[in-house]
Amino acid sequence: MQYWLMKSEPSAYSWEQLVKDGKTGWTGVRNFQASGNMKKMKKGDQAFFYHSNEGLAVVGIAEIAKEYHPDPTDKTGKFGMVEVKALTPFKTPVTMKEIKATPALNDMVLVKNSRLSVQPVTAAEWKAVCKMGGVKA
DNA sequence: GCCAACGTTGGC
DNA sequence: GCCAACGTTGGC
């Protein structure tokens with residue numbers, strides 16, 4: 001089981017929308033590192049859903065429903081996509097501010113490389129953030 | 001709305 | 001294959 005973090009601007013696609021849709025195709029990634037991370041995802045892996053720009057917080061947990069395959073919205077054929085489904089909403093969102101205020105979480109990719117939209121999360125980080133969000137890891 | 005950081009592109 | 005220029009992301 002691997003853990004991940006995926007970012008989305010709420011104005012583009014929010015957690016609330018994913019809950020409503022149940023499942024969505026994670027298209028539009030145009031970054032090799034992010035796309036490469038999606039390639040490593042296995043069905044059943046879990047990912048934090050992070051709201052960037054507005055909210056600035058981890059708001060829930062999604063599960064990888066379909067593994068990496070070509071993104072039909074990418075005309076160049078270089079990038080891929082996965083499908084995710086809503087799994088567990090956080091009781092309380094875990095904000096960037098709180099993450100930065102937690103020494104154990106300062107090595108998160110979210111803090112170190114805030115521009116990467118799909119990133120790995122360690123088991124320890126996963127556990128800590130889940131706890132802060134009020135859900136069981 | 002600004003600006004720093006970073007990834008990508010393209011000319012050489 | 002290098003590197004400058006450019007565009008985009010995202011926190012503040």
Side-chain angles (χ1 to χ4, degrees):
Chain A
M1 161 80 76
Q2 292 246 77
Y3 299 110
W4 308 95
L5 182 145
M6 300 170 96
K7 289 199 289 201
S8 181
E9 298 187 36
S11 59
Y13 193 87
S14 67
W15 167 256
E16 288 74 21
Q17 190 63 43
L18 180 61
V19 169
K20 202 183 293 174
D21 294 346
K23 189 169 100 166
T24 197
W26 206 261
T27 56
V29 172
R30 297 292 181 268
N31 172 288
F32 292 112
Q33 239 183 308
S35 190
N37 282 335
M38 290 201 295
K39 203 178 281 185
K40 294 181 204 152
M41 290 176 173
K42 295 275 178 246
K43 192 174 176 179
D45 278 359
Q46 295 183 12
F48 287 138
F49 195 107
Y50 177 81
H51 277 170
S52 62
N53 277 316
E54 305 157 53
L56 303 184
V58 177
V59 289
I61 296 172
E63 184 183 317
I64 308 308
K66 189 176 176 190
E67 293 179 14
Y68 187 89
H69 54 289
D71 179 351
T73 70
D74 174 29
K75 300 291 175 237
T76 69
K78 290 184 203 161
F79 301 100
M81 60 175 282
V82 294
E83 274 176 28
V84 298
K85 61 179 179 189
L87 195 63
T88 316
F90 269 20
K91 281 203 180 71
T92 44
V94 178
T95 64
M96 170 66 81
K97 212 174 150 186
E98 290 171 273
I99 288 169
K100 284 193 169 167
T102 308
L105 297 178
N106 282 355
D107 281 336
M108 281 186 78
V109 182
L110 187 65
V111 177
K112 292 210 156 157
N113 182 4
S114 66
R115 295 197 36 186
L116 185 59
S117 63
V118 180
Q119 39 181 276
V121 172
T122 69
E125 290 162 355
W126 183 268
K127 216 173 160 183
V129 174
C130 282
K131 196 175 175 190
M132 289 161 74
V135 298
K136 259 206 171 306

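Each chain gets a letter, A, B and so on, in the order the sequences are listed, and its residues count up from 1. Because only heavy atoms are used, hydrogens play no part in the values below, and waters and symmetry mates are left out as well, while side chains stay in.
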Closest non-hydrogen atom pair, A:A34 against A:L116 = N-CD1, 3.7 Å

If I take atom [atom1] in residue [X] and atom [atom2] in nucleotide [N], what distance separates them, rounded to the nearest angstrom?
| X | N | atom1 | atom2 | value |
| --- | --- | --- | --- | --- |
| A:K7 | C:dT9 | NZ | P | 11 Å |
| A:N53 | C:dC12 | CG | C1' | 11 Å |
| A:N113 | C:dG11 | CG | C1' | 13 Å |
| A:R115 | C:dC6 | CZ | P | 17 Å |
| A:M96 | C:dT9 | CE | C1' | 12 Å |
| A:N31 | C:dT8 | CG | C1' | 11 Å |
| A:R30 | C:dT8 | CZ | C1' | 14 Å |
| A:F32 | B:dT9 | CZ | C1' | 11 Å |

inquiry  = I'd like to know if A:V58 and A:M6 are part of one continuous hydrophobic network [Ile/Leu/Val/Met/Phe/Trp/Tyr, side-chain heavy atoms within less than 4.5 Å].
reply    = no

State which of [options] makes the closest approach to the side chain of [X].
| X | options | result |
| --- | --- | --- |
| A:E9 | C:dG10, B:dC6, C:dG11 | C:dG10 |
| A:K100 | B:dG7, C:dG11, C:dG10 | C:dG11 |
| A:Q33 | B:dT9, C:dG10, B:dG7 | B:dG7 |
| A:Y50 | C:dG10, C:dG11, B:dT9 | C:dG11 |
| A:K78 | C:dG11, B:dT8, B:dT9 | B:dT9 |

key: For A:F49, the option from A:F90, A:W26, A:W4 that meets ring-ring contact (aromatic ring centres under 6.0 Å, His included)   = A:W26

ask   = Which is true for A:L116 with a 4.0 Å heavy-atom rule: it touches a base, it touches only sugar-phosphate, or it touches nothing?
value = nothing

query = Is the backbone of A:Y13 close enough, under 3.5 Å, to the side chain of A:S8 for a donor and an acceptor to pair up by distance?
reply = yes

remark   = side chain to side chain contact (heavy atoms under 4.5 Å, CB included) with A:I64: of A:E83, A:M41, A:K42, only one passes, and it is A:M41

